[in-house]
Amino acid sequence: MSEKYIGPGRVGGSIVIPASKSLCHRAILMASLAQGRSLIDNVYFSKDVEATLQVARILGTKVQADGSRVLIDGCGIHAGSSQRAASGPTLIDCSESGSTLRFVVPILSIAGIPATFTGRGKLPERPMDVYYRLFDQQGIAYQTRNGKLPLTVTGRLSGGQICIDGSVSSQFVTGLLMALPLAKEDSVLTISGTFASRPYVDLTLGMSRRFGIRIDEKDDHTFVIKGNQTYRAANLSVEADASQAAFMAAAGLIAAGDQGLMIEGLDPETRQGDLAFLKFAASMGGHIEWTEKGLKVKRSDLRGDHVFDCENCPDIVPILAVLAAYDHGTVTITHAERLRIKESDRLQAMTEEMTKAGAAIEQTPDGLIIKGGRPLQGGTVQAWNDHRIAMSMAVAALGSREGITIRGAECISKSWPTFFEDLAAVTQ
């Protein structure tokens with residue numbers, strides 16, 4: 001287990017944000033499903049993205065990487081395309097990537113490829129009941145270890161009328177939206193209950209169009225999908241990650257020098273839901289300005305009591321909690337209960353580690369309450385094997401009195417392996 005010390009300091013200059021992890025997953029998988037060669041530019045090789053690339057290779061996709069450019073010769077999977085049934089289940093190691101697991105399960109089932117899915121860290125315990133209920137409804141054969149990984153699926157998923165619970169994760173919706181166009185039958189996918197993280201599904205729909213797939217939205221919870229569609233090869237560049245930009249934006253708001261911090265690569269028109277961080281920060285009094293070069297962030301006097309609904313942007317909650325500690329008021333974060341089933345229980349983790357650093361923070365069943373305005377002392381904290389906890393505490397250290405030592409800091413490799421080097425490059 002590695003330790004990383006981040007001292008108090010000022011940030012300045014400019015930083016280029018890595019490519020969106022969410023969009024990398026989608027682009028790689030859709031290119032793998034396509035017939036022909038796709039060029040995906042600006043791919044960022046985090047541990048999660050590497051897991052998806054490895055799955056693509058296992059399926060027979062040829063992957064050639066040249067820096068951040070990836071050439072993908074798709075394997076053209078479609079319903080009934082599998083010739084592997086007689087050879088037993090294909091082993092699919094999803095590492096710690098929930099996106100890889102939840103996206104790939106229905107794709108392989110539609111194609112009739114028997115597979116055993118494994119994972120590491122907290123992934124084996126993350127809920128998969130949405131798929132299990134669907135498998136039960138369709139009579140699809142599968143086996144689990146008391147509902148956890150490894151999961152072996154040997155039956156074939158069909159299209160038709162499908163209704164799933166949308167409150168657990170939008171990843172299940174995305175997995176089905178990628179798989180059902182390949183089915184022999186037409187499908188109607190209905191999302192019941194709360195539709196969690198809907199902006200991520202919008203990313204899926206947009207990427208599907210890039211690869212020639214048509215999905216019609218009957219209403220906000222209903223998708224009409226023609227069967228027997230074919231993914232077509234495409235060339236595209238992946239935009240910067242709004243989730244990762246939030247860490248650097250917070251760093252600038254807390255600790256920018258006189259010239260501020262320039263954040264480059266982020267599209268102001270992006271449909272990534274985590275761009276909400278900028279709206280929340282601005283409402284707290286944050287100095288944020290879009291320029292021709294990028295996003296200019298200045299150190300800000302944050303004030304006021306605020307309530308932030310994070311139903312559609314749960315990944316920004318840890319860094320939002322850090323920013324709230326520097327607000328001279330009380331910030332309440334709501335509708336973030338799904339964070340309890342991520343790489344860690346992020347509500348518990350942030351409560352414990354921010355408390356160690358000197359913050360006044362408490363958790364509620366679905367969120368956090370942070371009473372800001374008191375300086376963070378610093379100290380030693382745990383990363384909980386969770387990249388977003390580690391990166392959040394690193395940003396928190398910038399405005400602390402003594403700095404913060406993060407134990408288990410290597411977990412950042414899941415999404416931003418060069419985070420500490422990139423942060424150091426803009427720290428003065």
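Position 1 is the first residue of the sequence, and the numbers go up from there. Being a predicted model, the structure only gives us computed values, none of them experimental.
Heavy-atom minimum distance, S20 versus Q272: OG-OE1, 3.8 Å.
In this structure a side-chain-to-backbone donor-acceptor pair under 3.5 Å is present from E353 to Q382. Judged by distance alone, the side chain of Y131 and the main-chain N or O of R102 form a donor-acceptor pair under 3.5 Å. Judged by distance alone, the side chain of S400 and the main-chain N or O of A397 form a donor-acceptor pair under 3.5 Å. Of the possible polar contacts, one joining the E410 side chain to the S2 backbone as a donor-acceptor pair under 3.5 Å is found. With S109 contributing its side chain and L157 its backbone, the two residues share a donor-acceptor pair below 3.5 Å. A donor-acceptor distance shorter than 3.5 angstrom exists from the side chain of S192 to the backbone of I164, with no hydrogens or angles considered. Side-chain atoms of T364 come within 3.5 Å of backbone atoms of G367 as a donor-acceptor pair (strictly under, hydrogens ignored). Remark: side-chain polar atoms of S38 are paired, donor with acceptor, to backbone N or O of A234 under 3.5 angstrom.
Note that the CD1 atom of I15 and the CE atom of M248 stand 3.5 Å from one another [nearest 0.5 Å]. With values rounded to the nearest 0.5 angstrom, Q54 atom CD is found 11.0 Å from T61 atom OG1. Atom CZ of F135 sits about 8.0 Å away from atom OH of Y142, to the nearest 0.5 Å. The CZ atom of R69 sits 11.5 Å away from atom CD of Q64, with the distance rounded to the nearest 0.5 Å. Rounding to the nearest 0.5 Å gives a distance of 7.5 Å between CG of D220 and CD of E217. Rounded to the nearest 0.5 Å, atoms NZ (K148) and CE (M128) are 14.0 Å apart.
Partners of A390 according to the side chain to side chain contact (heavy atoms under 4.5 Å, CB included) rule, which considers only residues two or more places apart in sequence or in another chain, are A383, I406, C411, I412. Residues forming a salt bridge (Lys or Arg N to Asp or Glu O under 4.0 Å) with E402 (at least two apart in sequence, or on another chain): none. Here K279 pairs with nothing under the side chain to side chain contact (heavy atoms under 4.5 Å, CB included) rule; sequence neighbours left out. In this structure, the side chain to side chain contact (heavy atoms under 4.5 Å, CB included) partners of S300, at least two apart in sequence or on a different chain, are L253, H287, L302. Residues passing the salt bridge (Lys or Arg N to Asp or Glu O under 4.0 Å) test with D267: none are found, sequence neighbours excluded. Remark: R338 engages A196, S197, E311, P314 in a side chain to side chain contact (heavy atoms under 4.5 Å, CB included) (not counting sequence neighbours). Scanning for salt bridge (Lys or Arg N to Asp or Glu O under 4.0 Å) contacts around E264 gives K293, with sequence neighbours left out. With sequence neighbours excluded, the residues that form a side chain to side chain donor-acceptor pair (under 3.5 Å) with S167 are D165. Partners of D258 according to the salt bridge (Lys or Arg N to Asp or Glu O under 4.0 Å) rule, which considers only residues two or more places apart in sequence or in another chain, do not exist here.
Between H387 and F419 there is no side-chain heavy-atom pair separated by less than 4.5 Å. Residues L205 and L177 are in side-chain contact: their nearest non-hydrogen atoms beyond the backbone lie under 4.5 Å apart. You'll find the side chain of V322 reaches within 4.5 Å of the side chain of I254, heavy atoms only. Side-chain contact between D241 and D274: absent, with no pair of heavy atoms (C-beta onward) separated by less than 4.5 Å. Using a 4.5 Å heavy-atom threshold, the side chains of I162 and V188 count as separate. Inter-residue side-chain proximity for I17 and Y44 is flagged as unmet; no heavy-atom pair is nearer than 4.5 Å. I191 places a side-chain heavy atom less than 4.5 Å from the side chain of F223. A 4.5 Å side-chain heavy-atom check between D129 and V168 finds every atom pair outside the cut-off.
A 6.0 Å sphere centred on CZ of R340 holds more than 12 heavy atoms belonging to other residues, nucleotides or ligands.
When each of Q244, K21, R388 is checked for a side chain to side chain donor-acceptor pair (under 3.5 Å) with S415, only Q244 meets the rule.
Salt bridge D216/R214: present, at least one basic N to carboxylate O contact under 4.0 Å. With respect to K122 and E96, no salt bridge is recorded, no charged nitrogen being found less than 4.0 Å from a carboxylate O. One finds a salt bridge joining R120 and D93 here, because a Lys/Arg side-chain nitrogen approaches an Asp/Glu carboxylate oxygen to under 4.0 Å. With respect to K47 and E50, no salt bridge is recorded, no charged nitrogen being found less than 4.0 Å from a carboxylate O.
Residue pairs meeting the side chain to side chain donor-acceptor pair (under 3.5 Å) criterion with at least one partner in residues 312-327, sequence neighbours excluded, are Y200-D315, D315-R346. Within the structure, salt bridge (charged side-chain N to carboxylate O under 4.0 Å, His left out) contacts touching residues 357-381 (residues at least two apart or in different chains) do not occur. Among residue pairs with one or both ends in residues 414-424, those qualifying as salt bridge (charged side-chain N to carboxylate O under 4.0 Å, His left out) are D48-K414, E343-K414; sequence neighbours excluded.
With ring centers used as reference points, F195 lies under 6.0 Å from H221.
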